[in-house]
Amino acid sequence: MTSNRRGKRRSAGSTALVAALVGAAVPAFASAATPDRQGLDEAWWTGPLLASGASTLPKGRALIEPYLYDAKPYGVIDGDGRRHSAPDTDSFGSQTYLLYGVTDTFTAGLIPRFGYRRTGAGSSSGVQLGDLTLQGQVRLTEYREGGRLPTISLVVQETLPLGRHDKLDTRPHDGFGSGAYATSVGLNSQTYFWTPNGRILRTRLNLAYARSGHAKVRGMSVYGTPAGFSGRARPGDSFNVDVAFEYSLTRKWVAAMDIGYQRDASTRVLGTKADGADFDQRAPISQALILAPAVEYNFNPALGVIAGARIIPAGRNTTASVTPVIAVNYVL
């Protein structure tokens, strides 16, 4: 999930590719100056729910952006794309972006996570710690009004497995971690277009690829292992692409929409059960279409709030869900 004042991802050699992708994703609205065209300083932004910004924070500035959400499944989508019923569940969670401008072109920070799950079969014993992500972002290019080149950044993230993921025999709903280190490399792009009525349409394109290491697993776990199990899991690699649009309704109000696609490769779990029998489980490849409509309200250029929902309506071997989200974006 994301922000206007938060930075994110790219390599100078790929500048032309990203610029072409953004141009293909957005109608080529006229950008020539007109007397009634909205100026960039007349629009305030918080950022869409999912796509992260390509700009970095100015040196010495900090950003705090907490997200609160409740993931609610309404179906399980099988390998043929057919949806089946799913039990009612509330997975409450938070993740907070804590970022700092080390230089004008490099932003560093961390993303802590917490969660609590409630189902008809039980709930978490309390608020649980999730995995922690460290992030570094380097800005490679910067958008200039009237130019064609978007802002582009390279983002690298390392996720530390701090959340509980196994030994859940007595508390199966306390698992909010993966147990594995994960590295993500991505590219973020951001540019601006002017619609025929003179209002600004800000667009973002995020591309990210993540690869995980192995997780040691004991007993019941987030990987579906039974009590007495001993072995390890290897989460599958993940690829994500997200195109986002923000339309400046007024200086303070913005309508936003993310359209994303995520593909997760097969996760494999190997080990032995309590009776000594071999256990070899491979989850199928999953794919998901992701939509995230939202509305932003900006009190001033440094403080804004966004509310909306992350929706997964279709895919393969995934969970159909609606996740209401609210976030506050504050730059100090």
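Scope of the values below: all heavy atoms of this structure, side chains included, with no hydrogens, waters or symmetry mates.
Between D70 and P324, the closest heavy-atom pair is O-CD, 3.0 Å. Residues I152 and T141 come closest through the heavy atom pair N-OG1, 3.0 Å. When all heavy atoms of Y223 and A215 are compared, the closest pair comes out as OH-CB, 4.1 Å. Of all heavy-atom pairs spanning T318 and A288, the tightest one is OG1-CB, 4.1 Å. Here the shortest heavy-atom pairing between K59 and D104 reads N-OD1, 2.8 Å. Residue D78 comes nearest to H84 through the heavy atom pair OD2-NE2, 2.8 Å, listed as atom of the first residue, atom of the second, then distance.
More than 12 heavy atoms of other residues, nucleotides or ligands shown are found within 6.0 angstrom of NZ on K72. No more than 12 heavy-atom neighbours from other residues, nucleotides or ligands sit within 6.0 angstrom of CG on D278. Atom CZ of R83 has 12 or fewer heavy atoms from other residues, nucleotides or ligands within 6.0 Å. Counting non-hydrogen atoms of other residues, nucleotides and ligands closer than 6.0 Å to OH of Y181 gives a total of 12 or fewer. Under a cut-off of 6.0 angstrom, the local environment of CZ in R118 is sparse, with at most 12 non-hydrogen atoms contributed by other residues, nucleotides or ligands.
Aromatic ring pairs are classed by plane angle as parallel below 30°, tilted from 30° to 60° and perpendicular above 60°; the pair W194 and Y192 is tilted.
How far CE of M257 is from CG of L50: 10.5 Å, rounded to the nearest 0.5 Å. The CZ atom of R316 sits 7.0 Å away from the CG atom of D80 when rounded to the nearest 0.5 Å. Residue F114 holds its CZ atom at 12.0 Å from CG of L68, rounded to the nearest 0.5 Å. In this structure, CG in L98 is found 10.0 Å from CD in E65, a value given to the nearest 0.5 Å. S124 OG to R164 CZ: the interatomic distance, rounded to the nearest 0.5 Å, is 10.5 Å. Distance check: I285 CD1 to N317 CG gives 9.0 Å after rounding to the nearest 0.5 Å.
No donor-acceptor pair closer than 3.5 Å links the side chain of Q190 to the backbone N or O of G53. Judged by distance alone, the side chain of H173 and the main-chain N or O of L168 form no donor-acceptor pair under 3.5 Å. With hydrogens and angles ignored, the 3.5 Å screen pairs a side-chain donor or acceptor of T267 with a backbone N or O of G236. Side-chain atoms of R199 come within 3.5 Å of backbone atoms of L249 as a donor-acceptor pair (strictly under, hydrogens ignored). Under the 3.5 Å distance criterion, the side-chain polar atoms of D258 are matched with a main-chain donor or acceptor of L49. With hydrogens and angles disregarded, no donor-acceptor distance shorter than 3.5 Å links the side chain of T105 to the backbone of V138.
Inspection of the D131 and S178 side chains reveals an N or O donor paired with an N or O acceptor under 3.5 Å. Remark: the E142 side chain and the T151 side chain contain no N/O donor-acceptor pair separated by less than 3.5 Å. A donor-acceptor pair shorter than 3.5 Å cannot be found between the side chains of Q287 and R263. With hydrogens and angles left out, the side-chain atoms of S230 and T272 include no donor and acceptor closer than 3.5 Å. Side-chain atoms of S125 and D174 include a donor-acceptor pair closer than 3.5 Å.
Taking the ring centre of F176 as origin, the terminal cationic atom of R117 falls inside the region bounded by 6.0 Å and 45° from the ring axis.
Following chains of ILVMFWY side-chain contacts shorter than 4.5 Å, one cannot reach L129 starting from V222, and the two form parts of different hydrophobic clusters. Both Y247 and I259 sit in one connected hydrophobic cluster of ILVMFWY residues. Membership requires side-chain heavy atoms under 4.5 Å apart, directly or through other members.
Among R113, Q157, E158, the one residue that satisfies the side chain to side chain donor-acceptor pair (under 3.5 Å) test with T133 is R113.
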Evaluate the salt bridge (charged side-chain N to carboxylate O under 4.0 Å, His left out) criterion for residues R218 and D166: first the C-alpha distance (whole Å), next the side-chain angles of each, then the deciding distance (0.1 Å), finally the verdict. CA-CA 6 Å; R218 297 291 181 271; D166 66 352; over 6 Å; no
